Amino acid sequence: MYEGAIQDLIDELGRLPGVGPKSAQRIAFHVLSADPADVNRLATTLRKVKELVRFCTICFNVAESEQCRVCRDPRRGNEVLCVVEEPKDVVAIERTGEFRGRYHVLGGAINPLEGIGPDNLRIRELMARLSSGEVKELILATDPNTEGEATATYLALMVKPMGIAVTRLASGLPVGGDLEYADEITLGRAFEGRRAV
Ligand SMILES: [Zn+2]
């Protein structure tokens, strides 16, 4: 245990995901010995991300204006909508270059153990978007794990009666993992080979 500001920094860093006590200490001492200009830039970036970044009012991807880059792009089609759990999944799918439609970011997956039900996700907003009748296919690109599968099953049951084709990414994705960990080629193939559910 250190005294004052350095311990405060270690404590704050230790609250970050994936940063254990040893890493927190190492980063804190790195900051202590770093150039003041570098530390200022980091502090400014941290403040700016909270000030400037918000969620797209249409798809809930991260955005720096009312709408995200994907929603603002007039060259993308409105007929295919891809449902993902988190903004990082949008990035993973964009990297494949296989998809030219729009997204809807749920903000997580159904997880009864953590008390996350359909009402805690942006499912109501999804249904509102689908009610316009423009979407012909809904791709369920939730993670290939228990929570992602449960969410996909729930959405399929809700959406199929609306007469919209519902598809799920093809197998081949690492089961139990996160979409973002799949490499571009595997994820691209899973996209191409998506099947009706
Ligand atoms: Zn958007």
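The figures that follow rest on heavy atoms only: side chains count, while hydrogens, waters and symmetry mates do not. Small disclaimer: the values here were computed from a predicted structure and weren't measured. One-based numbering, in listed order, for ligands and for the atoms of each.
Excluding waters, the protein N/O/S atoms found under 2.8 Å from the Zn ion (ligand 1) are C56 SG, C59 SG, C68 SG, C71 SG.
Every pair passing ring-ring contact (aromatic ring centres under 6.0 Å, His included) that includes a residue from residues 2-23 is listed here, sequence neighbours excluded: Y2-F29.
Both tests hold for R122 against F55: distance to the six-membered ring centre under 6.0 Å, angle to the ring axis within 45°.
In this view, T57 and E66, Q67 satisfy the side chain to side chain contact (heavy atoms under 4.5 Å, CB included) rule, not counting sequence neighbours. Applying the side chain to side chain contact (heavy atoms under 4.5 Å, CB included) test to I139 and every residue at least two apart in sequence or in another chain returns V80, C82, F99, E137, T167, L169, F191, R194.
Note on E192 versus R189: no salt bridge recorded, every NZ/NE/NH1/NH2 to OD/OE distance being 4.0 Å or above. Here E149 pairs with R168 in a salt bridge; the nearest charged N to carboxylate O distance falls below 4.0 Å.
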